[in-house]
K.L.:
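This is the structure I want to talk about, given as structure tokens.
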Amino acid sequence: MRVFVTGATGFIGVPVVRALIAAGHGVLGLARSEEGANALKALGAEVQRGSLQDLDTLRSGAAAADGVIHLAFIHDFSKFVENCQTDKCAIEALGSGLAGSGKPLIVTAGVAGLGAPGQLATEDMAVPPNFPFPRVSEQTALALAGVSAAVMRLPQVHDTIKQGLVSLLIAAAREKSVSAYVGDGTNRWAAAHVSDVARLYRLALETHEAGARYHAVAEEGVSLREIAEVIGRSLKIPVKSISPEEAPAHFGWLSPFATHDLAASSVITRRKLGWNPTGPGLIADLERLHVS
Ligand SMILES: NC(=O)c1ccc[n+]([C@@H]2O[C@H](COP(=O)([O-])OP(=O)(O)OC[C@H]3O[C@@H](n4cnc5c(N)ncnc54)[C@H](OP(=O)(O)O)[C@@H]3O)[C@@H](O)[C@H]2O)c1
């Protein structure tokens with residue numbers, strides 16, 4: 001297949017591009033800079049120059065491909081609502097390039113906000129009407145008329161350099177010189193190694209099922225206390241429990257996440273796609289944290 005990949009130059013995008021090319025697929029990767037374009041060419045991909053805001057570029061990139069993996073997102077959380085709207089328009093443009101073709105569109109979402117607090121998120125849970133976040137990638141993709149879309153819900157995706165929201169916990173720990181967790185720290189975050197996630201995108205594309213929701217979850221939940229302890233060891237700083245009232249001052253906008261359980265299952269995904277994650281766990285990667 002010739003696959004149009006947005007976010008192809010990113011943390012997850014690069015291993016996805018590698019996994020697709022290694023399996024014999026062609027990749028047309030979106031790049032918004034010369035540097036990104038050169039990096040994609042070095043991986044053996046073709047390049048579509050443009051940004052998430054260039055809707056014609058997204059439409060024509062999708063139309064020129066046999067399938068699309070959408071990974072790009074603008075991670076400037078000070079403009080989160082605006083960036084979620086850009087993402088929605090981008091998904092609609094990708095969809096319009098594929099409409100009526102039966103070709104797969106795989107869109108990226110998260111495992112947060114699906115069940116009741118403390119409930120393990122499963123693939124058969126649809127996004128609830130009272131979804132608490134402005135990011136609507138999943139809802140947008142699955143509502144596209146005539147488009148064969150599926151959703152990849154991600155947990156904290158990690159290696160020794162980047163770890164999703166855990167990287168922000170590390171930044172807060174560095175800034176405050178203390179690694180904190182809230183209360184008894186038994187709330188958990190699901191996780192997966194980036195190499196396993198990349199393989200799962202390829203499997204989802206090849207075994208395409210319209211309307212499917214996949215969970216790229218290798219570990220159902222790692223407790224925030226364990227995460228804080230390993231961060232403390234890696235940064236050689238103290239670890240402490242803080243109260244829910246102290247959490248906003250320590251974690252800033254991340255505070256609601258730091259106090260919540262974001263555990264998720266991948267039983268259905270593993271059964272459907274024969275996916276068996278083999279990469280290192282989150283704690284193992286944090287033990288070997290790349291400290292710059
Ligand atoms: N990493 C995680 O743990 C995690 C967890 C849940 C969900 N996700 C989601 O998974 C996806 C991939 O995440 P990631 O960790 O790989 O992110 P990342 O490393 O920040 O990569 C983001 C990608 O989006 C591209 N991009 C950003 N703004 C763009 C724009 N205006 N136009 C075109 N491209 C643009 C970037 O291009 P440049 O290289 O040019 O900057 C890069 O290729 C995102 O949707 C993210 O929200 C990630």
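Everything quoted here is computed from the prediction, not taken from an experiment. Numbering of ligands and ligand atoms starts at 1, following listing order.
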K.L.:
I need the nearest protein heavy-atom contact for atom 3 (O) of ligand 1: residue, atom name and distance, please.
P.N.:
V157 N, 2.8 Å
K.L.:
Give me the residue, atom name and distance of the protein heavy atom closest to atom 37 (O) of ligand 1.
P.N.:
T9 OG1, 3.2 Å
K.L.:
What I'd like to find out is whether the side chain of L286 reaches to under 4.5 Å of the side chain of E226, using heavy atoms alone.
P.N.:
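Not in contact.
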K.L.:
Is there any N or O on Q156 that sits under 3.5 Å from an N or O of ligand 1?
P.N.:
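The answer is no, given that Q156 and ligand 1 share no N or O pair closer than 3.5 Å.
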K.L.:
Output yes when the distance from some N or O of ligand 1 to some N or O of L154 is under 3.5 Å, and no in every other case.
P.N.:
no
K.L.:
Cut-off 3.5 Å, side chains only: do S243 and E245 have a donor facing an acceptor?
P.N.:
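Yes, a side-chain donor-acceptor pair sits under 3.5 Å.
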K.L.:
If you have a sec, work out which protein heavy atom is nearest atom 27 (C) of ligand 1 and how many Å separate them, to one decimal?
P.N.:
F73 O, 3.3 Å
K.L.:
Side chain or backbone of Q53 under 4.0 Å from ligand 1, or both, or neither, by non-hydrogen atoms?
P.N.:
side chain
K.L.:
Would H215 and S265 count as having a side-chain donor-acceptor pair, cut-off 3.5 Å?
P.N.:
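There is no such pair between these side chains.
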K.L.:
What about L71: any of its N or O atoms under 3.5 Å from an N or O on ligand 1?
P.N.:
yes
K.L.:
Any luck finding a side-chain donor-acceptor pair between S266 and Y214 under 3.5 Å?
P.N.:
no
K.L.:
Which protein non-hydrogen atom lies closest to atom 23 (C) of ligand 1, naming both residue and atom, and how far is it?
P.N.:
G7 CA, 3.7 Å
K.L.:
What I want to find out is whether R202 reaches E206 closely enough, with some N-O distance under 4.0 Å, to be called a salt bridge.
P.N.:
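So R202 pairs with E206 through a salt bridge.
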K.L.:
Taking L235 as the starting point, is it possible to reach V178 by hopping between hydrophobic residues whose side chains are less than 4.5 Å apart?
P.N.:
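V178 and L235: separate clusters.
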K.L.:
Atom 41 (O) of ligand 1: which protein heavy atom is closest, and how many Å away?
P.N.:
R32 NH2, 2.7 Å
K.L.:
Between N83 and H75, does any side-chain donor sit less than 3.5 Å from a side-chain acceptor?
P.N.:
no
K.L.:
Go through ligand 1 atom by atom and flag the ones less than 4.0 Å from a non-hydrogen atom of P155.
P.N.:
3 (O), 5 (C), 6 (C)
K.L.:
What residue and heavy atom of the protein are closest to atom 33 (C) of ligand 1, and at what distance?
P.N.:
L52 N, 3.3 Å
K.L.:
N/O of H75 under 3.5 Å from N/O of ligand 1, yes or no?
P.N.:
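Between H75 and ligand 1, an N or O pair is found under 3.5 Å apart.
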K.L.:
Ligand 1 and G50, any nitrogen or oxygen pair closer than 3.5 angstrom?
P.N.:
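Between G50 and ligand 1 (N or O atoms, distance only) the closest approach is not under 3.5 Å.
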K.L.:
Which heavy atom in V111 sits nearest to a heavy atom in A121, and how many Å separate them?
P.N.:
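Closest heavy-atom pair between V111 and A121: O-CB, 3.8 Å.
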K.L.:
Hey, does Q156 have a side-chain heavy atom less than 4.5 Å from the side chain of Q163?
P.N.:
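Counting from C-beta outward, Q163 and Q156 never come under 4.5 Å.
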K.L.:
Do you see a donor-acceptor pair shorter than 3.5 Å between the side chains of E123 and T269?
P.N.:
yes
K.L.:
Any atoms of ligand 1 less than 4.0 Å from a non-hydrogen atom of S51? List them with their elements.
P.N.:
32 (N), 33 (C)
K.L.:
Closest non-hydrogen protein atom to atom 19 (O) of ligand 1, residue and atom name please, with distance?
P.N.:
F11 N, 2.9 Å
K.L.:
Regarding ligand 1, does I12 bring an N or O atom to under 3.5 Å of one of the ligand's N or O atoms?
P.N.:
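N/O-N/O distance under 3.5 Å: yes.
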K.L.:
Hey, which atoms in ligand 1 end up nearer than 4.0 Å to a heavy atom of R135?
P.N.:
45 (O), 46 (C), 47 (O)
K.L.:
For the residue pair L262 and R188, establish whether any side-chain heavy-atom pair is separated by less than 4.5 Å.
P.N.:
no
K.L.:
Would you check if there is a donor-acceptor pair between the side chains of S223 and R225 at a distance under 3.5 Å?
P.N.:
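No donor-acceptor contact under 3.5 Å links the two side chains.
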K.L.:
Please find out if less than 6.0 Å separates the ring center of F257 from that of F133.
P.N.:
yes
K.L.:
Looking only at protein heavy atoms, which one is nearest to atom 25 (C) of ligand 1, and what is the separation?
P.N.:
A72 CB, 4.0 Å
K.L.:
Output the list of atoms in ligand 1 that are nearer than 4.0 Å to some heavy atom of G164, sorted by atom number.
P.N.:
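Going through ligand 1 atom by atom, the ones under 4.0 Å from G164 are 2 (C), 3 (O).
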K.L.:
May I ask you to list the atoms of ligand 1 that are less than 4.0 angstrom from any heavy atom of T108?
P.N.:
9 (C), 10 (O), 11 (C)
K.L.:
Check each atom of ligand 1 against the heavy atoms of G10 and keep those under 4.0 Å away; list them by number with element.
P.N.:
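Matching atoms, with element in brackets: 16 (O), 19 (O), 21 (O), 42 (C), 43 (O).
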K.L.:
Please determine whether any non-hydrogen atom of K162 lies less than 4.0 Å from an atom of ligand 1.
P.N.:
yes
K.L.:
So is Q163 polar-close to ligand 1, meaning N/O to N/O under 3.5 Å?
P.N.:
no
K.L.:
Is there at least one pair of N or O atoms, one from L165 and one from ligand 1, spaced under 3.5 Å apart?
P.N.:
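N/O-N/O distance below 3.5 Å does not exist for this pair.
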K.L.:
Under 3.5 Å, is there a donor-acceptor pair between the T160 and D285 side chains?
P.N.:
no
